[in-house]
Amino acid sequence: MKMVFSVSIILSLGKLMKDTLRYLAGIAGPSGYGSKSTAEQVTQCSSFSSTSQLTAIITGATSGIGAETARVLAKRGVRIVMPARDMKKAAQVKEAIQRESPEAEIIVCEIDLSSLASVQSFCNHFLALRLPLNILINNAGVFSKNLEFSEDKVELTFATNYLGHYFLTETLLEKMIETATKTGIEGRIINISSVVHGWVKKDGLNFGQMLNPNNYNGTRAYAQSKLANILHAKEVSRQLQGRNARVTINAVHPGIVKTAIIRAHKGFITDSLFFMASKLLKTTSQGASTTCYVALSSQTEGKSGKFYADCNETNCSSLANDELEAQKLWTRTRNLINKQLSKLST
């Protein structure tokens with residue numbers, strides 16, 4: 001028994017070392033791309049004959065990976081809708097993109113993803129524009145070291161990273177299905193997740209505790225929200241396939257990029273770890289590559305409910321693959337939102 005256990009550990013370590021070496025070397029996977037591929041490289045050959053037909057909503061596009069995703073998709077001719085909390089920053093990003101791509105169409109709208117009322121207001125505004133919707137990239141994310149709550153009295157990280165994106169997706173889903181039916185172009189939804197979702201064990205997937213934790217830990221809350229993003233993608237994918245809708249939804253790990261979320265972990269230990277692990281960090285363009293790849297590549301056509309990293313399909317945790325947990329989370333979230341919306345209407 002000990003011998004079998006030891007062999008299992010050796011094999012696991014061997015795979016980990018192999019994967020790490022592949023990552024460091026930037027060796028391409030089956031897609032032809034790897035950890036060193038940039039967003040511009042992976043979108044040079046788009047699956048769509050004319051990306052100017054496409055409209056994409058990208059949350060969190062005022063900085064980091066989101067801003068790079070918006071820049072590259074705009075460069076490829078995609079109309080960009082930027083929901084943003086900081087309208088001044090959004091205007092600056094829009095100006096920068098249009099300096100590089102003068103023909104780019106960028107629409108900036110206000111949103112606070114932690115507020116269901118704000119998400120609903122944005123969706124009403126977008127639908128009133130009567131634009132098609134081909135791509136929805138749920139990219140925005142926050143990390144809160146201290147326990148904070150949204151205006152809906154939900155823990156802030158969970159409210160922003162998961163709940164707001166769930167409601168955004170549900171509210172705009174019929175528009176995406178309608179657009180795909182009318183145009184014949186597959187709709188694509190992308191949830192930005194993280195490999196840290198694997199840190200969450202089954203007893204950590206307690207809906208009530210995620211909404212209002214007794215013993216708050218910022219890293220755990222962030223990991224739980226990222227697990228929820230994958231479970232959301234799994235369940236919505238199942239529902240879409242059941243409807244034979246030509247819309248896919250996938251989750252993406254962008255890699256470790258020194259964005260504002262990472263910088264929220266301040267201190268000597270963190271800085272020292274970044275110094276030692278600098279070779280593992282991606283540039284912003286490398287971090288945006290997997291999102292852009294899943295959004296536009298012909299190789300991802302028809303793929304749904306999958307998890308991608310380094311522009312290749314990869315494995316997520318067993319908990320993230322649990323269909324029953326995905327259905328339970330979706331249903332509980334739907335019930336919570338209905339309850340909150342009924343309060344808003346009274």
Side-chain angles (χ1 to χ4, degrees), residues 1 4-6 8-9 11-13 15-16 19 114 138 141-150 152-167 169-170 189-242 249-256 261 265 304-309 313-340:
M1 187 69 176
V4 173
F5 186 65
S6 298
S8 176
I9 291 175
L11 290 173
S12 296
L13 288 173
K15 183 180 185 304
L16 179 62
D19 290 345
S114 72
N138 293 319
V142 300
F143 169 86
S144 180
K145 288 193 293 185
N146 301 313
L147 178 59
E148 299 178 72
F149 289 95
S150 70
D152 299 309
K153 299 180 181 178
V154 175
E155 189 278 312
L156 189 63
T157 301
F158 193 71
T160 306
N161 297 0
Y162 168 67
L163 196 62
H165 283 130
Y166 175 108
F167 188 39
T169 302
E170 292 303 308
I189 305 168
I190 301 162
N191 285 356
I192 307 304
S193 183
S194 170
V195 291
V196 303
H197 80 272
W199 297 354
V200 183
K201 304 306 176 187
K202 196 159 188 174
D203 60 358
L205 193 59
N206 182 304
F207 192 65
Q209 282 296 306
M210 289 189 288
L211 296 176
N212 186 5
N214 289 329
N215 184 21
Y216 181 76
N217 177 284
T219 301
R220 180 175 60 222
Y222 183 76
Q224 287 169 330
S225 72
K226 293 304 173 181
L227 171 62
N229 290 147
I230 301 178
L231 290 169
H232 176 234
K234 296 281 186 180
E235 174 57 16
V236 175
S237 174
R238 186 188 69 81
Q239 294 179 16
L240 287 168
Q241 288 171 356
I249 178 169
N250 293 288
V252 160
H253 168 57
I256 305 171
I261 285 179
H265 299 72
S304 192
K306 308 299 182 183
F307 183 55
Y308 288 85
E313 188 180 331
T314 189
N315 296 321
C316 53
S317 72
S318 58
L319 184 54
N321 274 319
D322 191 319
E323 291 185 6
L324 181 59
E325 290 295 339
Q327 290 178 39
K328 283 166 56 180
L329 180 64
W330 188 92
T331 301
R332 288 171 180 170
T333 306
R334 181 71 262 173
N335 291 339
L336 172 69
I337 288 175
N338 286 338
K339 185 177 179 181
Q340 292 295 121

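This structure is a prediction, so every number in the text was calculated from the model and none was measured. FYI, the numbering just counts along the sequence from 1.
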Say whether Y222 and S194, considering side chains only, have a donor N or O and an acceptor N or O under 3.5 Å apart.
no
Check: Q209 side chain, G204 main-chain N or O, donor-acceptor pair, under 3.5 Å
no
N-O pairing of E325 and K202 below 4.0 Å:
yes
Separation between CG (D322) and CG (L205), nearest 0.5 Å, reads 8.5 Å
Can you confirm whether V236 sits close enough to E170 that some side-chain heavy atom of one is under 4.5 Å from a side-chain heavy atom of the other?
yes
Can you see which heavy atom on T314 is nearest to which on Y308, and at what distance?
CG2-C, 4.2 Å
Nearest 0.5 angstrom please: Y162 OH to N138 CG, how far?
11.5 Å
Donor-acceptor check, side chain of H253 to backbone of V195, threshold 3.5 angstrom: yes or no?
yes
Would you confirm whether H197, through its side chain, and S317, through its main-chain N or O, come within 3.5 Å as a donor-acceptor pair?
yes
E155 side chain reached by L147 side chain, heavy atoms, under 4.5 Å:
yes
Atom CG of L231 and atom NZ of K226: how far apart are they, to the nearest 0.5 Å?
13.0 Å
Closest approach of S225 and T157, non-hydrogen atoms and distance?
OG-CG2, 3.9 Å
Less than 4.5 Å apart, side chain to side chain, heavy atoms only: is that true for W330 and Q239?
yes
Less than 4.5 Å apart, side chain to side chain, heavy atoms only: is that true for V142 and N161?
yes
Would a 4.5 Å heavy-atom cut-off, applied to side chains only, mark F143 and T219 as touching?
yes
Here the pair of heavy atoms bringing E235 nearest to A326 is CB-O, 3.8 Å
Any L163 side-chain heavy atom under 4.5 Å of L336 side chain
yes
Looking at E323, I'd like to know if its CD atom is crowded, meaning that more than 12 non-hydrogen atoms belonging to other residues, nucleotides or ligands lie closer than 6.0 Å.
no
Nearest 0.5 Å, please: how far is CD in Q241 from CD1 in I249?
11.0 Å
With a 4.5 Å heavy-atom cut-off, do I230 and N191 have their side chains touching?
no
Taking the side chain as every heavy atom from C-beta outward, state whether K234 and C316 have any pair of such atoms under 4.5 Å apart.
yes
Once you round to the nearest 0.5 Å, how far does CG of N212 lie from CZ of F158?
12.0 Å
So, the side chain of N250 versus the backbone of G305: is there a donor-acceptor pair under 3.5 Å, distance only?
yes
Parallel, tilted or perpendicular: which describes the rings of H232 and Y166, with under 30° parallel and over 60° perpendicular?
tilted
Going by distance alone, is a donor N or O of one side chain under 3.5 Å from an acceptor N or O of the other, for S150 and S114?
no
NZ on K306 to CD on E313, rounded to 0.5 Å
5.0 Å
